[in-house]
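This report concerns only the one structure given below.
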2 protein chains.
Amino acid sequence: MNKMETVEEREAMSLHQRILADISERILSGEWAPGHRVPFEYELAQQYGCSRMTVNKALSQLAKAGLIERRRRSGSFVRRPQSQAAVLEIHDIKVEVQALGLPYSYALISRQKRKSTADDRVLLDLKQSTPVLDLTCLHRAGARPFCLEQRLISLTAVPEAADESFEEAAPGPWLVGHVPWSTAEHRIRATAAGEEVAAALEIEAGAACLAVERRTWSADHPVTQVRFTYPGDSHMLVARFTPSDGS
Amino acid sequence: MNKMETVEEREAMSLHQRILADISERILSGEWAPGHRVPFEYELAQQYGCSRMTVNKALSQLAKAGLIERRRRSGSFVRRPQSQAAVLEIHDIKVEVQALGLPYSYALISRQKRKSTADDRVLLDLKQSTPVLDLTCLHRAGARPFCLEQRLISLTAVPEAADESFEEAAPGPWLVGHVPWSTAEHRIRATAAGEEVAAALEIEAGAACLAVERRTWSADHPVTQVRFTYPGDSHMLVARFTPSDGS
DNA sequence: CCGCCTCTTATGTATATACATATTGGCGAA
DNA sequence: TTCGCCAATATGTATATACATAAGAGGCGG
């Protein structure tokens, strides 16, 4: 959406960035079609009046971003647009609500400590039966329910969670501060609100809801599984992606 | 999910990769908490017995991946886990259906060429009234409707599209092959099926559906806007993210 | 005590150089 | 003709070096 317009801007950029921008632009504009061979490193070095190392770093970065493919002995080639990927940011709900200019409030609906059931083990990716904490919470924007949170926390991975009441603080931010996470998996789908969910969200049973489920692992151990249910059209996930942003 | 287990694997890695893996691991394991100062470049260089350049490249990469923050004169610091971002891959529908082991079929429901209306201009991010192509298509998995595609294509950006009937080939793959794209924006939400959508998808009006909208630009010019509607629970978007994969 | 200047320090960027490594194309022997 | 080996080539990785730049630390004068 933003391009280098003025000569000044281009001159202000480092050579590295300039090479990167030039080449991405040619690829994205279609001037260099998929399959086209990008000039060799030494050619570009000559062209830009810089060393091969500088060009190498820029091209390596483009390769990492997926715009080009590098083949030893043959050169670098423009790749065809890959499987469309988008960076989806999932924010803290409090921040999300406040960004809408609405007052945020949080309430704990239920809290239960128990040995994991068979269902729990599937959701949390557990192998044995271990203690878990089962929480249900409601996030409000102003007076209206904004999102229902149904969460399981593995007490094996996070024993400190057993001592937290979660009556004041939402488990999400608390966990982020207490457990480093290494992998997260998201599932996003539409569901019809069940009786309980509908009651909590103050909508009609059967209404369309957006469900976002997240599972988190830390160093190969399952930490938590959570399902956020947003009522109907009220919520939307937005993702924006520019391949050259790989920079 | 996968870690370097054996000494052999570590030895096989380049120094660059090894430094990267070592530091990410310490951060992700929590050994270096948010706010912790990573050793200075020259210290790490000494520690690994390599030059500062090599360390510099590794640290720069970690900074780009968002794991650390670099401050001149002060050093590099571990950042707190950021807004959780996930790489969401949106595949070709044909591939998606076939991955489920179901026969895929495609049908064009309507095709209309017209001057863009006010609505079209909002959807497509157009400034003036220009010709657009309005398509509605149905993707089937076996006998059942899988996904309804409602698409606008800017004929200013893609004049060749006017000559395509889109009766055999779906517009998505065709566009990918004909237009390089530079930016895409996705919106994902749950909606209740309207009359027309319900009829096309052979579901009841008001049923919960997952709607994925995508807008695509090429070099600042809007190319296409598309809305995919998936019936109810039948579909799910999955995203997986490991921060150290920023490498 | 505050504001300004300078010095120090750690990172940012770029260079020339060297050697490793994968791949292609050609040459020669079976 | 085909297989196998070698040499040429483009990229991959690392080094030592140099200078730029931003920002904190400390000193100095008003």
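- At the heavy-atom level, B:L59 lies nowhere under 4.0 Å from the strands shown.
- Residues B:D22 and B:Y48 have side chains in contact (heavy-atom distance under 4.5 Å, counting atoms from C-beta outward).
- Summarising the local packing, CD of B:Q47 is surrounded by more than 12 heavy atoms from other residues, nucleotides or ligands at distances under 6.0 Å.
- Where DNA chain D meets chain A (any atom under 4.0 Å from a heavy atom), the bounding nucleotides read 5' to 3' are D:dA8 to D:dA14.
- The minimum heavy-atom distance linking B:R79 with B:I68 is given by the pair CG-C, 3.5 Å.
- Taking for each of B:R52 and B:K57 the nucleotide of DNA chain D with the nearest heavy atom, the 5'-most of the two is the partner of B:K57.
- Within a 6.0 Å sphere centred on CD of A:E168, heavy atoms belonging to other residues, nucleotides or ligands number 12 at most.
- Residues A:L124 and A:S154 come closest through the heavy atom pair CD1-N, 4.1 Å.
- Between A:R215 and A:E213 there is no salt bridge, since none of the side-chain N atoms of the basic residue sits less than 4.0 Å from a carboxylate O of the acidic one.
- Atom CD of B:E43 sits in a crowded spot, with more than 12 heavy atoms from other residues, nucleotides or ligands closer than 6.0 Å.
- The side chain to side chain donor-acceptor pair (under 3.5 Å) test applied to B:W32 returns no partner, not counting sequence neighbours.
- Across B:R121 and B:Q128, no two heavy atoms sit closer than the pair CD-O, 3.3 Å.
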Q | Intra- and interstrand pairs of DNA chain D - dot-bracket, Watson-Crick/G-U under 3.5 Å, | marks other strand | A | ||||||||||||||||||||||||||||||

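- Qualifying ring pair (Phe, Tyr, Trp, His ring centres under 6.0 Å) partners for B:H139, counting only residues two or more places apart in sequence or in other chains: B:Y104, B:Y106.
- Pairing each heavy atom of A:V55 with each of A:I19, the nearest pair is CG2-CD1, 4.1 Å.
- Contact record, A:E149 with A:V226: CG-CG2, 3.7 Å, taken as the closest heavy-atom pair.
- Rounded to a whole Å, the CZ atom of B:F77 is 11 Å from the C1' atom of C:dA10.
- Within residues 37-47 of chain B, no residue is approached by DNA chain D to less than 4.0 Å at the level of any non-hydrogen atom.
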For nucleotides 24-27 of chain C, tabulate all protein N/O to nucleotide N/O atom pairs closer than 3.5 Å, reporting atom names and distance.
from, atom 1, to, atom 2, distance (Å)
C:dT24, O2, A:R73, NH1, 3.1

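- When all heavy atoms of B:L108 and B:F166 are compared, the pair lying nearest together is CB-O, 3.5 Å.
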